Amino acid sequence: MSKKVLVTRIIPNIAEDLLKQAGLAVTVWPGDKSMTKEELVQHAQKVNALLSLSSNKLDRPFFETCKHLDIVSQFAVGFDNIDVGAATDFKIPVCNTPDVLSAATADVAFGLLIAVSRKMFYNHKLILQGEWKQFEPLKNLGFELTGKTLGIFGLGRIGSIMAQRCKGAYGMNVIYHNRSRNAYAEKETGAQYVDFDTLLRESDILSVHSALTPQTKGLFDKHVFSKMKKTSVFINTARGGIHNETDLIEALQNQTIWGAGLDVTNPEPMLANNPLLDMPNVAVLPHIGSATLEARTGMARLAAENIISFYQNGKPITIVNPDVLS
Ligand code: DGY
């Protein structure tokens with residue numbers, strides 16, 4: 001009997017097509033809403049493999065109930081919604097979709113940087129409010145990016161592309177901080193490794209590209225913002241949980257830092273009355289980093305191929321807990 005796969009939300013058709021071509025029986029959860037926890041547990045019990053989204057919370061109780069699963073393949077590069085330790089305890093491979101969305105996500109970070117430095121979202125709002133009256137020689141001035149220092153927190157695939165974009169367009173000097181040095185990315189981007197405090201002290205733009213982990217959760221707080229330049233811009237396109245949003249609002253209101261560009265917020269979704277949305281030096285997007293046709297198609301393809309490769313060769317392509325295979 002063919003193995004059964006549950007896809008927890010409608011994603012690009014390529015996933016279902018590939019899974020079916022490989023002889024797997026596929027159920028795609030219909031509709032435009034995430035499955036509830038109860039729906040997820042109930043339906044996951046009837047299948048062998050799960051193609052999940054980052055909106056599905058796959059915690060230890062989930063894996064205790066669904067320890068029969070052969071594999072969880074996530075349609076996202078981030079997997080902080082999954083208790084990988086619990087999956088590993090039950091010998092369940094967990095896969096993600098790196099690379100295919102890196103350029104798209106870096107573009108959003110780069111776009112936010114330009115939008116913030118020239119107060120674009122705010123100026124757009126002024127037009128909508130009928131406030132474009134005349135040429136203003138002294139109002140709403142931004143700053144230029146040429147020659148500035150870009151600090152990358154988490155120089156991986158997405159951070160490296162952001163570094164290349166900023167170097168190529170504006171000749172920026174790039175520094176970075178990671179848990180451990182990334183020699184390959186240093187060679188690719190010319191980025192220079194610095195300790196965390198130096199990153200905070202020297203960055204004109206600090207762009208976050210790391211995973212959300214117990215070590216990075218809430219890391220960018222009051223204390224950290226106070227060590228950054230008063231003229232600096234904080235960009236986060238990784239996970240909202242990495243910054244403390246109350247502290248960020250305060251840091252912007254007190255002019256501890258100059259501006260912020262967010263594609264991820266804490267919590268998500270952001271409420272329409274969030275003060276960040278009214279600040280001239282802030283640009284916020286609703287977590288659209290990977291929202292291009294190319295990236296989402298690539299994610300759907302890779303998420304499906306991980307399951308197929310697991311069933312055909314015993315080895316998925318991009319696995320985050322490879323220990324389970326040994
Ligand atoms: C990712 O792939 O991690 C994106 O942020 C969507 O969750």
Side-chain angles (χ1 to χ4, degrees), residues 7-12 14-15 29 32-35 37 40 50-59 62 71-84 87 93-113 152-162 178 207-217 219-220 234-243 245 260-270 283-307 316-321:
V7 182
T8 65
R9 187 85 193 266
I10 299 172
I11 61 172
I14 180 98
W29 183 251
D32 56 6
K33 283 211 175 62
S34 259
M35 301 179 84
K37 210 170 169 177
L40 183 61
L50 196 66
L51 198 159
S52 62
L53 268 71
S54 51
S55 48
N56 303 131
K57 194 165 170 53
L58 308 183
D59 52 13
F62 170 83
I71 180 167
V72 169
S73 180
Q74 170 120 314
F75 174 80
V77 64
F79 47 87
D80 46 281
N81 58 309
I82 304 177
D83 186 335
V84 177
V94 175
C95 306
N96 68 341
T97 57
D99 296 323
V100 289
L101 48 62
S102 299
T105 307
D107 282 343
V108 166
F110 188 69
L112 282 171
L113 171 56
I152 301 268
F153 180 74
L155 188 70
R157 301 171 186 89
I158 300 171
S160 293
I161 299 176
M162 173 66 168
N178 279 13
S207 193
V208 175
H209 298 280
S210 69
L212 175 62
T213 64
Q215 291 73 37
T216 62
K217 189 165 184 218
L219 177 65
F220 285 83
F234 174 74
I235 305 277
N236 189 358
T237 53
R239 283 291 182 268
I242 298 172
H243 67 252
E245 206 144 292
L262 306 176
D263 183 45
V264 290
T265 62
N266 183 10
E268 285 183 15
M270 176 181 269
V284 184
L285 291 171
H287 202 148
I288 57 157
S290 65
T292 65
L293 189 59
E294 293 86 345
R296 292 280 164 86
T297 305
M299 291 159 70
R301 172 184 282 279
L302 182 52
E305 283 174 345
N306 272 323
I307 296 174
I317 303 161
T318 48
I319 180 167
V320 301
N321 57 347

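One-based numbering, in listed order, for ligands and for the atoms of each. These numbers come from a predicted model, not from an experiment.
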Point to revise | side-chain contact (heavy atoms from CB on, under 4.5 Å) partner of T237, chosen from V264, D107, L112, I288 | key: L112

Check your understanding: Which residue, V94, D59, N56, N96, forms the side-chain contact (heavy atoms from CB on, under 4.5 Å) with I82?
Key -> V94

Exercise for review: Give yes or no for whether the N/O distance cutoff of 3.5 Å, strictly under, is met between G78 and ligand 1.
Suggested key: yes

Point to revise | Which of the ligand 1 atoms, numbered from 1, are nearer than 4.0 Å to a heavy atom of R239 | key: 1 (C), 3 (O), 4 (C), 5 (O), 7 (O)

Practice item. With the side chain counted from C-beta on, respond yes when R239 and H287 share a heavy-atom pair under 4.5 Å apart, and no when they do not. Key: yes

Point to revise | Contact partition for L101 relative to ligand 1, non-hydrogen atoms under 4.0 Å | key: side chain

Study note, to complete from the structure: For atom 7 (O) of ligand 1, the closest protein heavy atom turns out to be S54 OG, 3.0 Å

Exercise for review: In sequence, state the C-alpha distance, the side-chain angles, and the governing distance for T318 and N306, and then conclude on side-chain hydrogen bond (donor to acceptor under 3.5 Å, both in side chains).
Suggested key: CA-CA 7 Å; T318 48; N306 272 323; 2.9 Å; yes

Check your understanding: Short question: side chain of S34, backbone of R9 - any donor-acceptor pair under 3.5 Å?
Key -> no

**Study point:** Min side-chain heavy-atom separation F75-S290 under 4.5 Å
**Key:** no

Practice item. Please say whether H287 places an N or O atom under 3.5 Å from an N or O atom belonging to ligand 1. Key: yes

Revision key, fill the gap. closest protein heavy atom to atom 2 (O) of ligand 1 is V77 N, 2.7 Å

Check your understanding: Relative to ligand 1, is A76 under 4.0 angstrom through side chain, backbone, both or neither, heavy atoms considered?
Key -> both

